[in-house]
Amino acid sequence: MEREMENKRLNKRLIKRDRQWKRRIVDFIWGLLSFLLLWEVLYLTVKNHTIPSPYLTFLYLPKIGDKMGYHLLASLARVGAAVLLSLLIGIPAGIALSTSRRIRKVFSPFVYFVYPIPKVAFLPVFMLLFGLGNLSKILLVIWIIVFQIILAIRDGADQIPKIYYKAMASYQATTFEMLRYLIMPAILPYIFSSLRISLGISLASLFFAENYATEYGIGYFILSAWTKMNYQEMFCGILALGLLGILLFILLDILEEALVPWSNTGNH
């Protein structure tokens, strides 16, 4: 009897997962078709060489696939490094702000002051301090997104009822056990939510940063095509950047579904 109930629950989960994947595929196809439709309307309406034909652009794509792939990988490496380091900084900092009144009292005013500042304006400062290479660009993206992650983690940890801490303390749980069994499961959905926001901001910020003092990256690729008035190449880069963002979001959905099964990922 128990085995039959377990099989039914397993079948329900599999059916739900299949539906979520079908929904993702449909959403992806519909999003791409909507973008292409808008592009075609602009092409037919503007009738200017600055808006190339979608059909001709797709025919042009294989000619630059290898070169554009190299630029995409460079941007992906920068974004990946920045997001990973931001998580390593933001998760402990957010937990500390939530669990320690003293730390919250000292550092919250600084976080609230810095968070609204348009931090992309610090790009010249980072270039002067850390050079023109990858380090300054990665640090800039970290500077832009880390406060978003810190605040999201803090808010997630704040939602844990205090009675849960008291219950674990009554069982003489160690700090590590509280982190593993109480705090981390509670803040995981907030980590993924902050990651979705941070990824979009990271790609936009990196596009800006890669327009200065660099020779590789999708931002540089797009701007270089624009300066050469090669608009088919420019739109190929824009399309590739959009697809990269979509793939990263799909990857986040898969990870959240695996690591946070109690979160309703089907609504993303």
Side-chain angles (χ1 to χ4, degrees), residues 78-130 135-206 208-209 248 252 255-256 259-265 267-268:
R78 292 181 182 126
V79 168
V83 170
L84 178 60
L85 291 172
S86 297
L87 287 175
L88 293 177
I89 298 169
I91 293 176
I95 294 173
L97 283 174
S98 176
T99 56
S100 173
R101 291 184 179 180
R102 182 175 299 177
I103 293 176
R104 190 165 189 150
K105 185 176 181 180
V106 172
F107 289 102
S108 284
F110 171 75
V111 174
Y112 282 127
F113 178 79
V114 173
Y115 180 67
I117 296 176
K119 287 173 280 295
V120 74
F122 285 87
L123 177 60
V125 178
F126 279 93
M127 286 184 172
L128 289 172
L129 292 176
F130 303 105
L135 181 60
S136 61
K137 296 172 177 58
I138 292 173
L139 290 177
L140 175 68
V141 176
I142 293 173
W143 176 247
I144 291 171
I145 67 174
V146 71
F147 295 101
Q148 168 69 39
I149 294 174
I150 290 173
L151 292 176
I153 301 306
R154 185 207 62 182
D155 292 344
D158 284 348
Q159 298 301 313
I160 303 174
K162 300 302 180 185
I163 190 65
Y164 290 1
Y165 289 102
K166 293 180 181 179
M168 293 199 70
S170 67
Y171 286 101
Q172 297 182 341
T174 64
T175 302
F176 175 77
E177 288 171 336
M178 283 195 177
L179 281 171
R180 180 179 178 184
Y181 297 110
L182 177 60
I183 298 176
M184 287 306 297
I187 65 174
L188 270 175
Y190 294 87
I191 291 175
F192 281 98
S193 296
S194 64
L195 275 176
R196 287 185 177 86
I197 299 172
S198 298
L199 274 176
I201 298 173
S202 298
L203 290 172
S205 305
L206 190 64
F208 177 80
L248 290 176
L252 279 181
L255 287 174
E256 184 173 8
L259 299 176
V260 196
W262 59 89
S263 178
N264 190 7
T265 56
N267 291 332
H268 295 320

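Numbers for residues simply follow the sequence, beginning at 1.
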Exercise. Between F122 and W143, how do the two ring planes meet: parallel, tilted or perpendicular, split at 30° and 60°?
Worked result: perpendicular
Does any non-hydrogen side-chain atom of [Y] lie less than 4.5 Å from one of [X]?
X: L255; Y: L195; answer: no
X: S108; Y: L97; answer: yes
X: L203; Y: V79; answer: yes
X: M184; Y: I191; answer: yes
X: Y171; Y: E177; answer: no

Exercise. More than 12 heavy atoms of other residues, nucleotides or ligands under 6.0 Å from CZ of F130: is that the case?
Worked result: yes
Kindly compute the distance separating [atom1] ([X]) from [atom2] ([Y]), expressed to the nearest 0.5 Å.
X: L206; Y: L199; atom1: CG; atom2: CG; answer: 11.5 Å
X: I142; Y: S205; atom1: CD1; atom2: OG; answer: 12.0 Å
X: K137; Y: F126; atom1: NZ; atom2: CZ; answer: 12.5 Å

Problem set entry | For Y112, all residues meeting side-chain hydrogen bond (donor to acceptor under 3.5 Å, both in side chains), sequence neighbours excluded | R154
Exercise. Would a distance-only check, ignoring hydrogens and angles, find a side-chain to backbone donor-acceptor pair under 3.5 Å from T99 to I95?
Worked result: yes
